[in-house]
Amino acid sequence: MKKGIIALSPLLVFILFYLLTSIIAGDFYKIPITVAFMVSSIYAIIISSNQPVMLRINIFSRGAATEQMMLMIWIFILAGAFAHSAKTMGSIDATVNLTLSFLPSQMLLAGMFLAACFISLSIGTSVGTIAALVPIATGVATQTHTDVAMMTAIIVGGSFFGDNLSFISDTTIMATQTQGCRLHDKFRVNSFIVMPVAFIILIVYLVMGQGIQAPQTLPAVEWVKVIPYLVVFTTALLGLNVMAVLTLGIVMTGIIGLITGSFDIYGWFSAMGEGILSMGELIIVTMMAGGMLGLIKQQGGIDFIIQLMTRHINSKRGAELSIAALVSLVDVCTANNTVAILTVGDIAKQIGDRYGVDNKKCASILDTFSCTIQGLIPYGAQLLIAAGLASLNPVSIIPWLYYPFVLGLAAILAILFRYPRRYS
């Protein structure tokens, strides 16, 4: 017990250090999140005292440079280059003006949420949806004098709608594979929980949007400058890999920017360079979080959580709650919902089989709770990239994340009240 708590303590140090220093300062922007991760990372290396220092550092380094981490970093680099070159070329302004021209001002919040839901459902990735839509959402927020953190949170929330439901989402595939059920069966169970939540949030955004006033006069839409985003959306919807989508977007901004005279070749390179540099903090946080979580796993922190959560199960409802808590805690410790499902999938299957939990319901629980937690942790890839693109502190986005909060509550109630009844 003691060893497990010590293994998990770097997470506690990170949370306490960041919260306490920010509360004392009276400002969550006062303390850089990179400093909080540096402190907790150093602490994680120090407490692994049963190994030589260089071995601990090597474990940390391997955790910081896993395939998943490097893939995330590549996405961040490409997203930064695309977002800034598109902004410099005028693509974001043109797309924002187009959005404001077509959508009534009171429909802006709901429209953004629907766009994020639709795109994420089509492409099966929350990160790709966020990379495509957050720059536009922040531009709309600026034009309409709406809170940028709120508008960013709308996109993040909507992006998890598809991540949770899409047939091509890696979390959906992993959840169904580990539980031995079919994709459309898991979709059916999930939809009973997710669809009502999305509808409720849509109504909330419709009500909240009533007070938004769009600018009285809008510049003429420069249609040619909208093309990069149209290309990004279209290729994403067709299922192209997110890195290929962003690369194509970068090429399109360069071609159109050069044709329209928005910049010369060196201006394009400069814009891409500035965009990449703007992701520096995000990349550092990602690597330090990966290293710290690698040490936690190596020290037995994940195994401790699994043993703790499976100790006192004695009913079907208890089994479902344990599976939900298990995948949630592992996601907190790994900051990757797919890895969390992979880590606990076999154990969840054993628990479900032993206590008679429907494998479709079990897959739904794994996917829903991992996506909920992933959408709320400030060091997850989704909030980090959203914060980087919107130039925000990821913590400032969390209070506005209505969809993940309500989805988590609905998922808990579904377990407690045996809903949907047919699969419970």
Side-chain angles (χ1 to χ4, degrees), residues 99 103-130 132-134 136-138 140-141 144 146-166 169 171-172 187-212 324 328 331 337 364-365 367-378 380 382-383 385-387 390 392 394-417 419-420:
T99 305
L103 277 178
S105 56
Q106 63 269 25
M107 284 285 294
L108 281 173
L109 302 187
M112 285 292 175
F113 180 68
L114 278 175
C117 289
F118 176 71
I119 292 173
S120 60
L121 186 64
S122 302
I123 68 177
T125 166
S126 50
V127 171
T129 304
I130 290 167
L133 285 182
V134 164
I136 296 172
T138 55
V140 170
T144 57
T146 309
D147 192 295
V148 174
M150 178 186 71
M151 195 68 83
T152 304
I154 290 172
I155 302 301
V156 174
S159 73
F160 278 100
F161 174 86
D163 206 8
N164 186 211
L165 276 186
S166 175
S169 166
T171 56
T172 292
F187 176 87
R188 191 178 296 119
V189 180
N190 244 22
S191 62
F192 281 106
I193 300 168
V194 172
M195 295 297 187
V197 171
F199 181 74
I200 290 168
I201 297 302
L202 185 64
I203 298 299
V204 168
Y205 287 142
L206 281 170
V207 173
M208 289 174 61
Q210 296 305 305
I212 293 178
S328 299
D331 190 75
N337 45 352
S364 174
I365 290 170
D367 201 352
T368 303
F369 279 92
S370 66
C371 285
T372 296
I373 299 301
Q374 187 69 20
L376 295 173
I377 52 176
Q382 290 79 1
L383 276 185
I385 193 169
L392 294 170
V395 176
S396 68
I397 302 171
I398 294 175
W400 298 102
L401 289 167
Y402 300 154
Y403 179 79
F405 278 119
V406 178
L407 178 62
L409 177 62
I412 292 170
L413 293 175
I415 293 174
L416 295 177
F417 292 100
Y419 172 83

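The shown structure was predicted, so the numbers you read here are calculated from the model rather than taken from an experiment.
Inter-residue side-chain proximity for V140 and T146 is flagged as unmet; no heavy-atom pair is nearer than 4.5 Å. Contact of the T368 side chain with the L407 side chain is registered, since non-hydrogen atoms from C-beta on lie closer than 4.5 Å. The shortest distance between side-chain heavy atoms of N337 and I373 does not fall below 4.5 Å. Put simply, the side chain of T171 does not reach to within 4.5 Å of the side chain of Q374, judged on heavy atoms. Side-chain atoms of F113 and L108, non-hydrogen and from C-beta on, never get closer than 4.5 Å to each other. Contact check for F405 versus I398: side-chain heavy atoms found under the 4.5 Å cut-off. Side-chain contact between L133 and M112 is absent, with no heavy atoms from C-beta onward closer than 4.5 Å.
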Exercise answer: donor-acceptor pairs, residues 158-165 side-chain atoms, under 3.5 Å, sequence neighbours excluded:
residue: S159; atom: OG; partner: V156; partner atom: O; Å: 2.6
residue: D163; atom: OD1; partner: S169; partner atom: OG; Å: 3.0
residue: D163; atom: OD2; partner: S126; partner atom: OG; Å: 3.0
residue: N164; atom: OD1; partner: N190; partner atom: ND2; Å: 3.4
residue: N164; atom: ND2; partner: D367; partner atom: OD1; Å: 3.4

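Interatomic distance, C117 SG to M195 CE, rounded to the nearest 0.5 Å: 9.5 Å.
For the side-chain contact (heavy atoms from CB on, under 4.5 Å) test, residues two or more places apart in sequence or in another chain that qualify with A110 are L202, Y205, L206. Applying the ring pair (Phe, Tyr, Trp, His ring centres under 6.0 Å) rule to F187 yields the partners F167; only residues at least two apart in sequence or on another chain are considered.
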Show your reasoning for whether side-chain contact (heavy atoms from CB on, under 4.5 Å) applies to V406 and I201. CA-CA 8 Å; V406 178; I201 297 302; 3.8 Å; yes
